[in-house]
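This report concerns only the one structure given below.
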Amino acid sequence: MEIITAIKGFKDILPQETGKWRYIEEMARKIFTDFGFREIRVPILEKTELFQRSIGETTDIVEKEMYTFLDRGGEYLTLRPEATASVIRAYLEHSIHAADPVARLFTIGPMFRRERPQKGRYRQFHQINAELLGLDDPRADTEIILMLIHFLKSVGLADLRLEINSLGCPECRPAFKESLIGLLQDKEEGLCGDCRRRLTTNPLRVFDCKMEQCGTIIAQAPKLLDFICSTCRDHFERVKEFLKDFELSFEVNAGIVRGLDYYSKTTFEVTTEFLGAQNAIAGGGRYDRLVKELGGPDIPGIGFAIGFERLISLLPIKDEDFILTPQLFIAALGTEAQKKAFVLCNRLRTMGLRTEMDYTGKSLKAQMKRAGKLKSRYTLILGDREIVEKKAELRDMQKGTQETLSLDTMEEAIIKTLREG
Ligand code: HAM
């Protein structure tokens, strides 16, 4: 019978990899907590409407990529394609904003987008996501960007590029839209079917088009940054000044439009040349109208998400560096020794000491080989003869030295040795 494999674009994170994942998660928890962020865990499944209303009906994510199904109860549900909408839903639903509108929240977990799988692009992927709600001060933008870069550098990411842009506010959009539509209408025959449709539904989304034919037209398009109002320009200038104060190098890239509709003012992406086509490690920006659009008060926000898989693929860390090998392997020969070893092995485990043994009763040579394979620090050799003689041998596998222990005091001696080294 054939084995059943995982779904295309869905990946297992294998035991040898999870140490690395945990290390990065722990670093994120530590650094984000230092910046005053608190962890929130939100469901993976939400009402479809939540994403339609936040990400936008006419974005690629909502139009083409969501895993949506009709629940047995007759309601449309969606596997979350991102976390921001869920975090804000929870912020409103639990009145977190009523106690204090300023909230720094982060969440880590899987997201789902039915994109075409390729290197660095999966259908289930993981994000480390942070949201700062309740502050429209440019220092909030700076703080969030600083935290992102500090985290990425702290986990060992070298050669990152920070690009920033401003997408303005509803005040600045109409003039830009008009100019963009003007150009697109002139070149309409050259556009793909999707972009022709976008022309009337959501012109800004033409910038997400990956078709070559549209690329050349879009390259001539006006830039939102040239249309932003004085308030947005002032905000953007101040963010840039603050970033310089922290000696954070960045480039202004007026081409950053982001693929989600909720953004306004500052947007940013962190990229690297080592990822090929899928070069964004992280992306984010301000979303000053989103809380209101989701039925809440007029509360601004800004946040980012880091692509876990993309980040991990770039780090100079090896799986082996995070695998915890046994501190002790007990090689037990004979019935009496096996019995004693079983008790000792599990007693040491309950004391927090990583201990392994072999239940098969193979030869000493085979058991020593296994201890070596597991890279155990020490091996305890316990044979029936040793039991009669009331002793056991403790071998230091690193130094190659061996010590004879008396059976009566063996446990304490082992605990002491393992705890010391
Ligand atoms: P996003 O740019 O759609 O933003 O995703 C953020 C990051 O998730 C990307 O830069 C990338 O590293 C990773 N990512 C996205 N799609 C995939 C995929 N199919 N496979 C692997 N990695 C992927 C957001 O999701 C916003 N919610 C970010 C945000 C938070 N904005 C404000 N707050």
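Order of listing sets the numbers, starting from 1, for every ligand and every atom in it. Basis for what follows: all heavy atoms, side chains included, without hydrogens, waters or symmetry-related copies.
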Would you check whether Tyr262 reaches within less than 4.0 Å of ligand 1, judged by its heavy atoms? yes
Test: Arg161 and Glu163 ion pair at under 4.0 Å: yes
Could you tell me whether the side chain of Phe227 reaches within less than 4.5 Å of the side chain of Ser166, counting heavy atoms only? no
Parallel, tilted or perpendicular: which one describes the rings of Phe32 and Phe304, with boundaries at 30° and 60°? perpendicular
Check: Ile61 N/O within less than 3.5 Å of ligand 1 N/O: no
For Glu131, the ligand 1 atoms with a heavy-atom partner under 4.0 Å come out as 30 (C), 32 (C), 33 (N)
Phe207 and Phe176 aromatic ring geometry - parallel, tilted or perpendicular at 30°/60° bounds: parallel
Consider every N or O of Glu115 and every N or O of ligand 1, then say whether any pair is closer than 3.5 Å. yes
Arg104/Glu143 salt bridge by N-O under 4.0 Å criterion: yes
Which atoms from ligand 1 have a heavy atom of Gly284 less than 4.0 Å away? 31 (N)
Just jot down the ligand 1 atoms closer than 4.0 angstrom to any heavy atom of Tyr263, in number order. 26 (C), 28 (C), 29 (C), 31 (N), 32 (C)
For atom 30 (C) of ligand 1, which protein heavy atom lies nearest, and how many Å away is it? Thr84 OG1, 3.0 Å
Between the side chains of Asp60 and Arg205, is the shortest nitrogen-to-carboxylate-oxygen separation below 4.0 Å, so that they form an ion pair? no
Test item, Arg258 contacting ligand 1 (heavy atom, 4.0 angstrom): yes
So the atoms of ligand 1 within less than 4.0 Å of a heavy atom of Glu82 turn out to be 25 (O), 26 (C), 27 (N)
In this structure, atom 20 (N) of ligand 1 is nearest to the protein heavy atom Tyr122 N, 3.0 Å
Residue and atom name of the nearest protein heavy atom (relative to atom 8 (O) of ligand 1), distance in Å to one decimal: Gln127 NE2, 3.2 Å
Atom 14 (N) of ligand 1: nearest protein contact (heavy atom, Å): Phe125 CE1, 3.5 Å
Before accepting this row, confirm whether a basic side-chain N of the pair Lys375/Glu320 lies closer than 4.0 Å to the acidic partner's carboxylate O. no
Salt-bridge present (Glu82, Arg113; N to O < 4.0 Å): no
Considering only non-hydrogen protein atoms, determine which one is nearest to atom 9 (C) of ligand 1 and report residue, atom name and distance to 0.1 Å. Ala280 O, 4.0 Å
To atom 21 (C) of ligand 1, the nearest of Gly120, Ala282, Gly307 on a heavy-atom basis is Gly120
For ligand 1, does Phe268 get within less than 4.0 Å through its side chain, its backbone, both, or neither, judged by non-hydrogen atoms? neither
For ligand 1, which atoms, with element, lie under 4.0 Å from some heavy atom of Arg113? 1 (P), 3 (O), 5 (O), 15 (C), 16 (N), 24 (C), 25 (O)
Parallel, tilted or perpendicular: ring planes of Phe322 versus Tyr23, cut at 30 and 60 degrees: tilted
Side chain, backbone, both or neither: Tyr287 near ligand 1, heavy atoms under 4.0 Å: side chain
Looking only at non-hydrogen atoms, the one of Gly9, Ala305, Gly303 nearest atom 32 (C) of ligand 1 is Gly303
Any carboxylate oxygen within less than 4.0 angstrom of a Lys/Arg side-chain nitrogen, looking at Arg258 and Asp208? no
Any N or O of Asn129 closer than 3.5 Å to N or O of ligand 1: no
Give the atoms of ligand 1, by number and element, whose distance to some non-hydrogen atom of Ile281 is under 4.0 Å. 10 (O), 12 (O)
Going through the distances and angles, do Tyr287 and Glu293 end up as a side chain to side chain donor-acceptor pair (under 3.5 Å)? CA-CA 10 Å; Tyr287 45 82; Glu293 278 163 11; over 6 Å; no
Does the pair Glu241/Lys244 count as a salt bridge with the N-to-O cut at 4.0 Å? no
